[in-house]
Amino acid sequence: MMLLMDYLKDLNDRQKEAVLHTEGPLLIVAGAGAGKTKTITHRIAHLVVHAGARPNEILAVTFTNKAGKEMRERVESLLTAQKVYGKPFVSTFHALGVSILRENYEAAKLPRSFVILDESDSVALVKQSIIDGGFDPKQFEPKKFKSIISKQKSDGVTVGEFAKNISSYSGETIHKIWKRYEELARKEGGLDFDDLLLTSVSLLKTNSEVRKKYTDRFRYVHIDEYQDTNELQYDMAMLLTGDNKNICVVGDSDQTIYSWRGANIRNILNFEKDFPNAKVVLLEENYRSTGTILSAANEVIKKNKERKDKTLFTKNGDGEPITLCEAYDESSEAEFVVGKMYELLKNGADPEKIVVLYRANFQSRTFEDALLMAQIPYQVLGTKFFERKEVKDVLCYIRAALNPESFSDIRRIINVPTRGIGKTTVDKLFAVHVKDGMNPQTIAESGLPAATQKKIGDFFLLLKRIREFIETHEPSEVVRFVVTETGFEKLLKDGTEEDRERLENMRELATLATKYDKQSEIENTDALRGIEKLLEDAALASDQDTLLKDTKGVRLMTVHASKGLEFQTVFVVGLEHDLFPHARGNGGTKEEKEEERRLFYVAITRAEKKLYLTHASVRTIFGSRQIQTPSEFLYDIPEENLERESFGSRYSTGRVIFLD
């Protein structure tokens, strides 16, 4: 066993205080870059090594797969060093919901192989619900209605509860579409992301036996990024916390930036009301950024009122001043940024440690154009591997084989690769399918020609063969079987360069699937567990997971997407009134204005060594050329922390020519 003082020697006094508090509620207010993951992982290890907890009695919940992976690896490394080989349960909220529902699918009245509907699946079902309701999906935008439904669910509202408070025509319309959406999803055994939480929380609330199973299992509960929890996640945390109240939450009210998807800042601000005897520890020493960057961050955020007061400090030294550039227009802004990148890369900087952060996705285009011209490799965060058409096609075959009632999957792949089943045929078939289910009798009664019925029958025989193969083979073998048996391999291998790339992506899926090949043995469950876990992880993959791949190049992403990441050099662009802060925040409520300020604070604190802030005097937005004024946030940064530059003019494009 490691001696206690050795175990704590790398922690500062506040971190030690948090680690040593093992019993009862604990709130860790962790500023940006203050070592919160280190603190949580050492606390978990301390609970096992010195407080007598078994690893499997500890639950740690994060918000992203990336954060979960990092936490899991660090904890396991600490425990392995002590010759402790058990594993705590480290998971995202949604993956925890999946785990609860998989273990208790009968109690939750779900099929064993229920389908997790990703965003595109859900939007497709909402669109069908709009059509079924007699509405025009061009007028009633599916994504908008999916967002409305999602917001209600994240607040813990079911479609039945929503119906009790309808007082307008728009409310009636939402209810009609929502109700049909639920019917379609349930008919094919599908749960969307919000359902994973809503259904699991409902089960924990209403089934005391299931709830007791988890409160007995998890003696110690840890919730990371607690400021980002919505009502459902808050309820789940409370339900899983047993009578001993051993809950540790970690977060920072200054980094609450997701209210638009249900995050409730009151959850962290009211923790001491929920647990009056809670221990509170502030982590204010920053290990990431320079003193100059932190000085700017502290000045920006102190204007907010809804926050736990704290001031970040560092021993890293002041570092370089913050560069503030006024560009003539968005093209000049992009050329300035890319010019600075070119200099950094020429001097040996790691491109993956350089990022451009913007408030709105449309801003990326001018930077992509400039990077292409400069021949600088880049990656735009958000292009998910699992959302590539060919990858999703393979996954849909597996999902449909496991769950023949998964209408969305069947509709997607029934003629992929082409097998002579046209759109009109599919529409006729699914008119019967949605009403009476898909089986040989309903196919025979569909009125379709015999030749077409045979093609449809052959398709379902293919799904049956895939299902039988799944039951006796590992996930990687299943993926290879699907790629071959469906005809994808034959179709693509001798095709165009694009076709061959699609086939390579399918083969990459098989490679990725090898990590699930022993899942059934690891969890001591039946042969389906590995493929189920692959499908779960694919459905729950986040934008940040795209950065886990070894892709070279500078990064481009929204500020929201950058949460939890850090870079040596950060360019925060488009700092103009009504862009950042966004127009919604400028003209909105006090809460919305404070969230825009928190978003800027998050952007600043991503930077380790160098921070660039840019704005344009003129910008084309939605086709209209507009005069822009600098963001109010820029006036909050102390002048002594800044160095100013200008780039481009009304008469000069300021174009940079890159020469080796």
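FYI, side chains are in, hydrogens and waters are out, and symmetry mates aren't considered; it's all heavy atoms of this structure. Here, residue 1 is the first one in the sequence, and each next residue gets the next number.
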Could you check Y234 against N270 for side-chain hydrogen bond (donor to acceptor under 3.5 Å, both in side chains), going step by step and ending with a plain yes or no? CA-CA 11 Å; Y234 170 85; N270 290 341; over 6 Å; no
Scan for side-chain hydrogen bond (donor to acceptor under 3.5 Å, both in side chains) pairs involving residues 236-246, sequence neighbours excluded, and state none if there are none. E23-N246
Residues at least two apart in sequence or cross-chain that pass salt bridge (charged side-chain N to carboxylate O under 4.0 Å, His left out) with R54, listed by chain then number, are E57
For a quick check under 3.5 Å, do N403 and S113 share a side-chain donor-acceptor pair by atom type? no
Salt bridge check: are E182 and R186 linked by an N-O gap of less than 4.0 Å? yes
Test Q233 against E231 for side-chain hydrogen bond (donor to acceptor under 3.5 Å, both in side chains), laying out the working first. CA-CA 6 Å; Q233 291 157 341; E231 290 304 309; over 6 Å; no
Please walk me through it: do D537 and K515 pass salt bridge (Lys or Arg N to Asp or Glu O under 4.0 Å)? CA-CA 12 Å; D537 287 355; K515 67 183 267 192; 5.2 Å; no
Given side chains that start at C-beta, do those of L312 and S289 come closer than 4.5 Å, heavy atoms only? no
Check whether any side-chain N or O of T229 sits under 3.5 Å from a backbone N or O of Y226 as a donor-acceptor pair, and report yes or no. yes
Residue list, side-chain contact (heavy atoms from CB on, under 4.5 Å) with T37, at least two apart or on another chain: T41, E70, R74
Do Q568 and D350 have side-chain N/O donor and acceptor atoms under 3.5 Å apart? no
Basic-acidic side-chain contact under 4.0 Å: E209, K213: no
Set of residues satisfying side-chain contact (heavy atoms from CB on, under 4.5 Å) with respect to S295, sequence neighbours excluded: P638, N641
Min side-chain heavy-atom separation K392-S120 under 4.5 Å: yes
Are a donor atom and an acceptor atom from the side chains of S150 and D194 found within less than 3.5 Å of each other? yes
Quick one: salt bridge (charged side-chain N to carboxylate O under 4.0 Å, His left out) partners of K609, sequence neighbours excluded? none
Tell me whether the rings of H94 and F193 are parallel (<30°), tilted (30 to 60°) or perpendicular (>60°). tilted
Any non-hydrogen side-chain atom of L240 less than 4.5 Å from a side-chain atom of V61? no
Check whether any side-chain N or O of R14 sits under 3.5 Å from a backbone N or O of L282 as a donor-acceptor pair, and report yes or no. yes
Check against salt bridge (Lys or Arg N to Asp or Glu O under 4.0 Å), D10 and K38: CA-CA 10 Å; D10 292 331; K38 182 177 184 178; 5.3 Å; no
Close side-chain approach of N304 to D254, heavy-atom, < 4.5 Å: no
Ring geometry between F481 and F469 (parallel below 30°, tilted from 30 to 60°, perpendicular above 60°): parallel
So do the side chains of M238 and I247 get within less than 4.5 Å of each other, counting heavy atoms only? yes
Gap separating the OG1 atom of T199 from the CG atom of L204, nearest 0.5 angstrom: 11.0 Å
Do D228 and K563 meet the salt-bridge criterion of a basic N to acidic O distance under 4.0 Å? yes
Side-chain heavy atoms of L239 within contact of V201, under 4.5 Å: yes
Distance-only, no hydrogens or angles: does the H50 side chain make a donor-acceptor pair with backbone N or O of H46 under 3.5 Å? no
Would you please say whether a donor-acceptor pair under 3.5 Å links the side chains of E103 and Y214? yes
Tabulate below the donor-acceptor pairs under 3.5 Å that side-chain atoms of residues 25-34 make, not counting sequence neighbours, or state none.
none

Check: T569 and K353 side chains under 4.5 Å, non-hydrogen atoms: no
Between V250 and R43, is there a side-chain heavy-atom distance shorter than 4.5 Å? no
Euclidean distance, I40 CD1 relative to C248 SG, rounded to 0.5 Å: 6.5 Å
Between R307 and E594, is there a salt bridge with N-O shorter than 4.0 Å? no
Is it the case that the side chain of D195 and the backbone of D192 share a donor-acceptor pair, with hydrogens and angles ignored and the cut-off at 3.5 Å? yes
Say whether, by atom type as modelled, one donor and one acceptor occur between the side chain of R597 and the main chain of V300 under 3.5 angstrom. yes
